[in-house]
Amino acid sequence: MSKVYVFDHPLIQHKVSMMRDKNTTTKDFRQLAQEVVTLMTFEATRDLPLKEVEIETPICKGKFNMLAGEDLAVVPILRAGLGFLDGFMSLVPNAKVGFIGLYRDPNTHQPVEYYCKLPDDIGKRKIFVVDPMLATGGSGAAAVQFIKDRGGKDISFMCLIAAPEGIEVMQKAHPDVDIYIAAKDDHLNEHAYIVPGLGDAGDRLYGTK
Ligand code: PRP
Ligand code: URA
C-alpha cells in the first residue's frame with residue numbers, strides 16, 4: 001500500500017489556512033499556492049538519492065553531495081494544477097513538464113479528459129502529479145492511469161487538501177503511488193466538494209467566480 005505523507009510544517013499549515021479563508025483575494029491565493037508548493041516540494045524531494053562528486057572550491061578539491069542524476073517530471077492537472085507549476089519549478093528548474101487536462105462533470109463528478117501531453121522519456125523519470133484538491137479521487141486516479149498508459153512508472157501525487165474518500169480511491173487504484181498532502185479534511189459534501197476545504201481551487205486561482 002502506498003504511503004500518505006501529511007506535512008505538518010507550521011509554515012505550510014499557516015499558508016493553507018490563509019488559502020481556506022473565503023476573504024483571501026485571488027492575487028493572494030495564487031501567491032500562497034506558489035509558496036506552499038515550494039515548501040511541499042522541498043519536503044517531498046527529501047529522499048532523492050545523492051552521489052559524491054569532485055568539486056574544486058577556491059581553496060581545494062573535495063568530494064561533495066549532488067543529486068544522483070534522477071530526472072524529475074512534474075505533471076499538473078489542468079487547470080488548477082497549473083497553480084502548482086511555478087512553485088515546483090523554482091526548486092527543480094530542470095524538471096520536464098507534462099500536462100493533463102481534466103475537468104469534473106458537474107453532474108456525475110466523473111473526470112473528463114480534454115488534453116494530455118507528456119515528455120517522451122516519461123518512463124525514465126520520477127514523476128510528481130500535482131493538483132490542489134483530491135476530492136472523490138476520480139481526477140487524480142485517472143491522471144495517474146493516463147501516465148501509466150504512456151509508460152510512466154515512478155509516480156507520486158502531491159496536493160494541498162485531500163478528503164478521506166479521495167485518498168482511499170487513489171490508494172485502491174494505485175497502491176504504488178505515494179501521496180503528499182498539506183491537510184487531510186473531513187468529508188465530501190453532496191456536490192463532492194471537500195469540507196471544510198477551500199472551495200473551487202480553479203475558480204479561486206483564476207478568479208472565474
Ligand atoms: C478540481 C481539482 C481536481 C478535481 C478534484 O478540478 O483541481 O482536478 O477537481 O476532484 P475529484 O478528486 O473529485 O476528481 P476541476 O474539475 O474543478 O477542474 P478545474 O481545475 O479546471 O477547475
Ligand atoms: N475540486 C475543487 O476545486 N474543490 C473541491 O473541494 C473539490 C473538487
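In listed order, ligands and their atoms are each counted from 1. Just so we're clear, the structure is a prediction, and the values are computed from it rather than from any experiment. Residues: numbered from 1 along the sequence shown.
Between the D121 side chain and the K124 main chain, no donor and acceptor come within less than 3.5 Å of each other. With hydrogens and angles disregarded, a donor-acceptor distance shorter than 3.5 Å links the side chain of H9 to the backbone of L11. Panel note: side chain R104, backbone A192; a donor-acceptor pair is recorded below 3.5 Å. Side-chain N or O atoms of R204 include one that pairs as donor or acceptor with a backbone N or O of M19 at under 3.5 Å. One N or O on the side chain of Q171 and one on the backbone of S2 form a donor-acceptor pair closer than 3.5 Å. Put simply, the side chain of N189 gets close to the backbone of Y193: a donor and an acceptor are under 3.5 Å apart. Looking at Q13, its side chain does come within 3.5 Å of a backbone N or O of A182 through a donor-acceptor pair.
Contact residues of ligand 2 (protein heavy atom closer than 4.0 angstrom to a ligand atom; sorted by chain and number): R104, M133, A135, A192, Y193, I194, G199, D200, A201.
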Distances only, to 0.1 Å: what are the N or O pairs between ligand 1 and the protein that fall under 3.5 Å?
unit_1   : atom_1 : unit_2 : atom_2 : d
ligand 1 : 7 (O)  : D131   : OD1    : 2.7
ligand 1 : 8 (O)  : D131   : OD2    : 2.5
ligand 1 : 12 (O) : A135   : N      : 2.8
ligand 1 : 12 (O) : T136   : N      : 3.1
ligand 1 : 12 (O) : G137   : N      : 2.8
ligand 1 : 13 (O) : R104   : NH1    : 2.7
ligand 1 : 13 (O) : T136   : N      : 2.8
ligand 1 : 13 (O) : T136   : OG1    : 2.6
ligand 1 : 14 (O) : S139   : N      : 2.9
ligand 1 : 14 (O) : S139   : OG     : 2.6
ligand 1 : 16 (O) : R104   : N      : 2.8
ligand 1 : 20 (O) : R79    : N      : 3.0
ligand 1 : 20 (O) : A80    : N      : 3.0
ligand 1 : 21 (O) : R79    : N      : 3.3
ligand 1 : 21 (O) : R79    : NE     : 3.2
ligand 1 : 22 (O) : R79    : NE     : 3.1
ligand 1 : 22 (O) : R79    : NH2    : 3.2

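In this pair, F7 and Y180 present their aromatic rings parallel. The plane angle is below 30°, not in the 30 to 60° band.
A donor-acceptor pair shorter than 3.5 Å cannot be found between the side chains of S156 and D178.
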